[in-house]
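Proteins get letters first, then strands, A, B, ... in listed order; numbering begins at 1 in each. Note that these values count all heavy atoms, side chains included, but never hydrogens, waters or copies made by symmetry.
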Protein chains: 2
Amino acid sequence: MNKTPSLKDVAEKANVSISTVSRSLNYPEKVDTKTLGRINKVIKELNYRPNRVAQRLRIKEGHRKIIGLLIPDIQNPFYVDVVRGVEDYAYSRNYALLMCNFAQNKEKERMYLDIMVSESVDGMILAPFDKYDQDVINLLEKDFPIVCVDRGLADYQDVDIVLVDNERGAFEAVSYLIEQGYERIAYVGGLPSIPTSQQRKDGYVKALQKYNMPVDNELINFGDSKHDSGKVIVRELLQLEKRPTAFFTGNNLITLGALETIHAMNLVIPGDVAIIGFDDMPWSISLNPPLTAVKQPGYEIGKRAADLLYQKIIEPEKPSVKMMLNAKLIIRDSC
Amino acid sequence: MNKTPSLKDVAEKANVSISTVSRSLNYPEKVDTKTLGRINKVIKELNYRPNRVAQRLRIKEGHRKIIGLLIPDIQNPFYVDVVRGVEDYAYSRNYALLMCNFAQNKEKERMYLDIMVSESVDGMILAPFDKYDQDVINLLEKDFPIVCVDRGLADYQDVDIVLVDNERGAFEAVSYLIEQGYERIAYVGGLPSIPTSQQRKDGYVKALQKYNMPVDNELINFGDSKHDSGKVIVRELLQLEKRPTAFFTGNNLITLGALETIHAMNLVIPGDVAIIGFDDMPWSISLNPPLTAVKQPGYEIGKRAADLLYQKIIEPEKPSVKMMLNAKLIIRDSC
DNA sequence: TTCATTTATGATAACGTTTTCATTGATTTA
DNA sequence: TAAATCAATGAAAACGTTATCATAAATGAA
């Protein structure tokens with residue numbers, strides 16, 4: 001593989017020093033138009049591109065134009081929306097994006113955090129592993145620019161963060177179920193250590209309380225945020241003697257697991273059981289029946305987070321902001 | 001933000017030269033156990049991590065332990081599977097992964113290709129924008145280590161590539177439809193410029209021919225590989241006077257668009273229309289009815305591609321290999 | 001004892017940039 | 001005309017590593 005041309009190659013061919021070539025790229029107004037023309041011609045001929053690695057080594061922090069994005073589960077369409085938002089923002093500002101998926105694996109998360117620091121990113125956007133995530137806290141304590149999305153930290157409040165009002169979203173969903181006349185409503189959440197799982201449960205409980213309905217612990221369940229746990233938990237619940245008549249599922253993948261079980265048991269939605277999912281999906285409308293769901297503004301979250309990070313990078317002393325976006329109940333035909 | 005410690009900081013604190021510290025990291029057997037102990041203690045104290053940027057600048061190509069992954073559409077679950085395969089392989093070999101989504105946008109693809117080269121990756125895995133992708137060909141001609149997945153190049157055969165036998169997968173799916181007694185079978189493909197769209201169409205045609213059925217051009221359609229085009233095209237087809245009784249949809253997102261239309265028109269699957277999708281999805285089984293689909297081994301593709309790339313990097317002269325994996329028809333209840 | 005080898009370490013160049021400072025010649029000012 | 005300013009350029013340091021080479025001390029062989 002033949003080496004890509006460097007400043008030196010351009011300089012030699014254009015008969016100037018590398019300083020001048022570098023200048024022609026960064027401060028073209030400071031070099032003679034004639035020289036500039038000559039240099040640009042050579043650059044085109046050689047198809048020269050600055051080496052980002054060398055650039056990053058030299059340039060100081062906050063000016064390197066690269067940010068990191070660390071997500072917990074790329075198989076979850078919600079995070080994919082977030083990714084898209086961050087991507088688009090980064091692209092518009094000409095930032096490169098170092099994206100990693102830690103697959104809700106603590107060890108991987110640690111590795112990727114290390115890599116990002118070591119790759120000298122200007123900052124990063126991430127959803128912490130859980131609310132105790134010490135590795136993230138360590139970075140925050142070193143004033144590393146970080147914006148959290150989707151999940152907060154329990155003991156560290158001074159962070160930029162973009163959240164969804166999970167409690168309210170859940171409250172509205174469950175209220176809607178109650179208003180439709182459902183009485184035994186089950187909650188199936190994701191990992192209990194993840195803040196959103198708890199917040200959605202809280203919304204669920206508050207809705208029941210508002211309508212003076214009993215809160216039955218048998219109906220409150222947590223899984224591991226994956227397809228399979230939704231499938232298994234819903235099956236168990238449906239085998240209860242007093243089985244639930246409606247489900248409020250706490251995330252995408254759990255919703256899909258729930259649907260699998262419901263269809264496998266040949267139950268009709270919403271006749272036999274109703275369901276509302278937290279997290280809409282692009283194809284919720286393609287389901288049969290189309291799924292009623294709480295839509296999180298994933299794309300918007302990504303964009304906002306990226307903007308906050310950008311602000312933080314250009315003004316490190318900026319006080320941190322907590323931003324809460326609304327989730328929206330989208331009523332279709334599953335309840 | 002306080003600077004992360006460098007070799008120099010460790011060296012000073014441990015009272016040795018930076019050479020010795022570097023050596024202690026890379027060739028620990030070459031430094032005195034006593035010194036080594038002292039250095040390691042300091043490394044731990046300062047929480048020193050080598051700066052990957054500086055490393056990469058110094059280390060020569062093929063030894064930098066970072067590869068790029070460039071995918072056309074992160075919203076398509078098939079590519080997410082590929083990503084997961086590549087990730088796992090990279091993780092197992094201790095390679096970092098620079099992942100980018102060009103969202104089937106030529107300009108973005110070019111930008112990301114530039115970034116990857118400029119970030120000095122050892123090689124990259126990608127699905128070309130289309131079969132004429134000149135930017136990719138240019139890199140290949142410079143002997144840049146590249147492995148293609150999912151899509152090939154028309155005029156450049158000397159590439160490592162991992163494909164799915166699309167034609168055969170499509171052939172089997174359509175044959176199955178025919179055997180089930182469906183007669184007016186429509187094909188709805190993705191972008192016609194993408195090789196897979198054509199190959200799946202070819203399989204469709206071959207199946208019809210094998211069973212001596214007419215090939216009706218009215219029933220062969222191409223969209224843009226997105227949800228919406230599936231939705232629209234299927235609606236048009238269903239409004240034909242002699243409407244199709246079965247659909248063979250050419251990718252994930254088109255399948256979902258098709259389902260949306262079918263449900264919206266209150267047609268029953270498979271009673272009124274049958275459907276087989278190319279590309280299974282993790283939640284195909286959660287659909288109602290569970291979807292019959294051709295499953296591509298996305299994860300496997302990712303792993304194989306990563307392995308091929310690894311081989312190519314450590315042995316650049318290795319002749320390139322073309323690998324074809326089978327797709328598998330998974331029969332559920334939609335036909 | 002003397003010379004050769006081995007072991008442990010350090011000094012330094014190099015990777016490809018950006019930036020500071022110095023230098024030169026040209027232009028302006030007094 | 002001399003002094004001061006300005007414009008255009010180049011030399012060199014720095015970023016944080018790795019690797020080559022040199023050096024010194026310790027060990028071994030004769």
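Rounding to whole angstrom units, CZ of residue B:Arg23 and P of C:dT12 are separated by 15 Å. The CG-C1' distance, from A:Leu57 to C:dA14, rounds to 12 Å in whole Å. Spacing between atom CD of A:Gln55 and atom C1' of C:dC15 amounts to 14 Å, rounded to whole angstrom units. In this structure, the CD1 atom of A:Ile39 is 8 Å from the P atom of D:dT9, given to the nearest Å. Atom pair A:Leu7:CG and D:dC15:P shows a separation of 19 Å (rounding to whole Å applied). What separates NZ of A:Lys60 from C1' of C:dT20 is a distance of 11 Å, to the nearest Å. The interatomic distance linking B:Asn26 (CG) with D:dG16 (C1') rounds to 13 Å, in whole Å. Distance CZ (B:Arg52) to P (C:dC15): 21 Å, rounded to an integer number of Å.
For C:dG10, one of the phosphate oxygens OP1 or OP2 lies less than 4.0 angstrom from a side-chain nitrogen or oxygen of B:Thr20. At D:dT9, one or more side-chain N or O atoms of A:Thr35 fall inside 4.0 Å of OP1 or OP2 (strictly under the cut-off).
Each of D:dG16, C:dT19, C:dT9 was ranked by its minimum atom distance to the side chain of B:Ser6; first place goes to D:dG16. Side-chain atoms of A:Val16 lie closest to D:dG10 of the nucleotides D:dT9, D:dG10, C:dG16. Considering only the side chain of A:Ser17, D:dG10 comes nearest among D:dG16, D:dT17, D:dG10. Looking at the side chain of A:Tyr27, the nearest of the listed nucleotides C:dT19, D:dG10, D:dT17 is C:dT19.
Using a 4.0 Å heavy-atom cutoff across all strands shown, B:Ser19 reaches at least one base atom of the nucleic acid. Counting non-hydrogen atoms under 4.0 angstrom, B:Val53 reaches nothing in the nucleic acid.
The local environment of CG in B:Asn47 is crowded, with over 12 non-hydrogen atoms from other residues, nucleotides or ligands closer than 6.0 Å.
No side-chain heavy atom of A:Glu107 sits less than 4.5 Å from a side-chain heavy atom of A:Met111. Two residues are said to be in side-chain contact when any heavy atoms from C-beta on lie closer than 4.5 Å; A:Ile66 and B:Glu119 meet this criterion. For the pair A:Val86 and A:Leu97, the minimum side-chain heavy-atom distance is below 4.5 Å.
Mapping A:Ile18 and B:Asp32 onto DNA chain C by nearest heavy atom places B:Asp32 at the nucleotide closer to the 5' end.
Ion pairing between a basic and an acidic side chain is recognised when a charged N comes within 4.0 Å of a carboxylate O; A:Asp130 and A:Lys106 show no such pairing.
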